[in-house]
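The block underneath contains the structure these notes are about, expressed in structure tokens.
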Protein chains: 2
Amino acid sequence: MKNPASNIVPFVSVDHMMSLVVHVGIERFLVELAGYIEEDFHRWPVFDKTPRVASHSSSGVIELMPTSDGKLYGFKYVNGHPLNRHNGRQTVTAFGVLADVGSGYPMLLAEMTILTALRTAAMSAVAARHLAPAGASCMAIIGNGAQSEFQAMAFKALLGISELRLFDIDAPASRRCAANLRAHGFDVTICRSSQEAIETAQVITTVTADKQHATILTDNMVGAGVHINAVGGDCPGKTELHRDILMRSDIFVEYPPQTRIEGEIQQLAPDYPVTELWQVISGAAVGRRDERQITVFDSVGFAIEDFSALRYVRDRIRSTDFYDRLDLLADPDEPRDLFGMLLRHEGTRPAAKPNVPL
Amino acid sequence: MKNPASNIVPFVSVDHMMSLVVHVGIERFLVELAGYIEEDFHRWPVFDKTPRVASHSSSGVIELMPTSDGKLYGFKYVNGHPLNRHNGRQTVTAFGVLADVGSGYPMLLAEMTILTALRTAAMSAVAARHLAPAGASCMAIIGNGAQSEFQAMAFKALLGISELRLFDIDAPASRRCAANLRAHGFDVTICRSSQEAIETAQVITTVTADKQHATILTDNMVGAGVHINAVGGDCPGKTELHRDILMRSDIFVEYPPQTRIEGEIQQLAPDYPVTELWQVISGAAVGRRDERQITVFDSVGFAIEDFSALRYVRDRIRSTDFYDRLDLLADPDEPRDLFGMLLRHEGTRPAAKPNVPL
């Protein structure tokens, strides 16, 4: 009855993840991933929603984000180290594991730096599909760092956004972003201010990197009817929108206990009314009501989205060779004989060096 | 300034872990690992002691056990699934990660099924070095499953135990254990009861696998002066010793908040006095006081021991080839250009298949 391969865990490296995305096609990848996220948001109440486990230091934070639907268990390891940019490292890196709840055996190990950028973008587009004004074609992107192109691609694939208005305080970042996106058929305008960027935009994506309360958008800038996709305000002490914008918007969140600590709504009273996005997706709550309404998706990223992404990758790598096989789990023929396995290993190896005296 | 290899994470597979143990020699490995554990117990107060994060299901539990000393961060993934033995799987499997707190970058991924058995045994022997009667040479091992041989080897390497008295309700388990250990020079007696096994033993190791309150030892069996190494009672609802034995012993534990939930002392009042082992190791508390005293090490396994084990393996694999290099972290030359990295990847690959229509 034993599955001889149960001790081998598929591993999707950075290189294989890129190959998988290129093979599937980035837009199709985002659309399919969005489908997995929608599916998991539909069955939101079945998930075990553990808070993330954070280890803070003066230089940053390392977090573990676990969740389970009762059949599968997933967790993501993710760090946030703003100073890494000064030594050529990513400020955020991540990897994740999917496991079988029935046996406790890991089933997938995957890089998640690239995958997190993709799932964050897919999540934003899923929210916007329920919240953005009908027929939106123009999006402003304020903050043109590593996440920005993924956001643009997801909004193209899922909502048909074709026109982009970019602004970043770092002009080379906007130029790099524009070059990357023009190659994907966008009509791109680089703007000199947030104010200029949001003119004519039906969707406003804020995805800046400053780790402090910044006011990327002030109240008088934002006109009626827009959808704000607030991605950058995602940890305690970091927000992007002026409080007054929030006060005249309808606010949609992933998981209120986490968003009230990490999201834009940390600026509001702890009982300020918000709508849980899963209720909109499952039909229990209304998304956009009318064309004058301002909607805000206060995105912080939740473990269930990583779970959806790992689940998608596990399914998508089947019948491909975009993974390695890791010998991660000891699986002796006689499960109680771990020591015997070690003894037999000794026997199968070339003569070991004699022990150095203790 | 960039370290070109910072995105590559060393990975110690099951096969490499076995090769490393065989290469170093199991006794030397246990002695060196014990040194790392003692070192970390000496500086116990510097550690961030997060409780383990458990996800329970009807078939078992999956846990994440993180800790940090401010410079390094480590966590272990471990499952416990008693029914796995019926389908040829391990009931417990584990892997772990060590990371750099300064950058958040993982530095090591390692199998920990074998490593946990080794660290648990090394921990028991470290405790016994401070608690067992002087000159102990005979140990009873009650429960002869996967952990038992590792316990024996650690007590041989660190305390000079040479005589073993084995008992298990599963006789073939005792025979397998005896065969494995006679090959390592022990004088082994297989016994027909716990009572018979503990006759003449100065150290009693209980390491049974039943997930319920079992009474492996009753009060009248245990004479003065012995050290009890209680390894098997390690989760809520699982104990091995009769309460009355505990009442006339001095009890030593790793981390009281965890041991009071998982260890033998879950049978006692929540404020029952226990001594923290790190205080004995650092000299702040007394271990064994006299030759009539019964000492109990109520072992449940704590994250810091896994941290020590990962730290040891990281140091020990240097200048060996007992690891692979995992492409786990996206590390573009320009850290803000994750999307560009993906685009360039597309350019370097053979023509991708055309996208299937969305």
Side-chain angles (χ1 to χ4, degrees), chain A residues 1-2 6 13-15 18 21-23 25 28 31 48 50 53 55 57 59-60 62 64 66 68 73 79 81 84-85 87-90 93 95 99 101-104 111 113-114 117 145-146 149-150 173 176 180 327-331 335-340 342-343 345-346 349 352 355 358, chain B residues 1-2 6 13-15 18 21-23 25 28 31 48 50 53 55 57 59-60 62 64 66 68 73 79 81 84-85 87-90 93 95 99 101-104 111 113-114 117 145-146 149-150 173 176 180 327-331 335-340 342-343 345-346 349 352 355 358:
Chain A
M1 302 300 282
K2 181 173 170 242
S6 68
S13 67
V14 172
D15 201 62
M18 292 196 290
V21 175
V22 168
H23 167 73
R28 186 186 174 88
V31 168
D48 181 11
T50 320
V53 185
S55 177
S57 67
S59 50
I62 296 175
L64 299 174
S68 170
Y73 168 93
N79 75 294
H81 285 71
N84 275 5
R85 72 185 66 179
N87 59 15
R89 294 179 192 241
Q90 293 283 330
T93 64
F95 66 90
V101 168
S103 67
E111 87 79 34
T113 311
I114 295 166
E149 296 103 328
F150 295 95
R176 192 214 66 233
N180 281 341
D327 170 31
L328 185 61
L329 303 176
D331 204 32
R336 291 184 87 189
D337 195 13
L338 207 54
F339 190 78
L342 198 54
L343 291 189
H345 188 78
E346 189 160 13
R349 281 173 50 79
N355 285 3
L358 300 175
Chain B
M1 303 301 281
K2 180 175 170 241
S6 68
S13 67
V14 172
D15 201 62
M18 292 196 291
V21 174
V22 168
H23 166 75
R28 185 185 173 89
V31 167
D48 180 13
T50 320
V53 185
S55 178
S57 68
S59 50
I62 296 175
L64 299 174
S68 170
Y73 168 94
N79 74 293
H81 284 72
N84 275 5
R85 73 184 65 177
N87 59 16
R89 295 177 192 242
Q90 293 283 329
T93 64
F95 65 90
V101 168
S103 68
E111 87 78 36
T113 311
I114 296 165
E149 295 101 330
F150 294 96
R176 192 214 64 234
N180 281 340
D327 170 31
L328 185 62
L329 303 176
D331 203 31
R336 291 184 87 189
D337 195 14
L338 208 54
F339 190 77
L342 198 55
L343 292 189
H345 188 79
E346 188 161 14
R349 282 174 49 78
N355 286 3
L358 301 175

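Computed from a prediction, not measured in an experiment: that's the story for all the values here. Reminder, nothing fancy here: chain letters follow the sequence lines and each chain counts from 1.
Of the listed residues (B/A99, B/S57, B/S55), the one with the most heavy-atom contacts under 4.5 Å to chain A is B/S55. Top candidate by heavy-atom pairs under 4.5 Å with chain B, chosen from A/G102, A/P66, A/G340, is A/G102. Annotation: maximal heavy-atom pairing with chain A below 4.5 Å, among B/S103, B/S68, B/S13, occurs at B/S103.
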Item to check | Candidate pair A/L328 and B/T113, rule side-chain contact (heavy atoms from CB on, under 4.5 Å), full reasoning | outcome: CA-CA 9 Å; A/L328 185 61; B/T113 311; over 6 Å; no

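By the 4.5 Å heavy-atom criterion applied to side chains, A/L329 and B/R89 are not counted as neighbours.
Looking at A/D48, the atoms closer than 4.5 Å to chain B (heavy atoms on both sides) all sit in the side chain, from C-beta outward. If you measure heavy-atom distances from A/V101 to chain B, the contacts under 4.5 Å come from both the backbone and the side chain. Looking at A/T93, only its side chain comes within 4.5 Å of chain B, counting heavy atoms on both sides.
Qualifying side-chain contact (heavy atoms from CB on, under 4.5 Å) partners for A/V14, counting only residues two or more places apart in sequence or in other chains: A/M18, A/E111, A/I114, B/D327, B/A330, B/M341. Applying the ring-ring contact (aromatic ring centres under 6.0 Å, His included) criterion to A/F95, with sequence neighbours excluded, gives A/Y77.
None of A/L343, A/L338, A/D337 except one satisfies the side chain to side chain contact (heavy atoms under 4.5 Å, CB included) rule with B/E149; the exception is A/D337.
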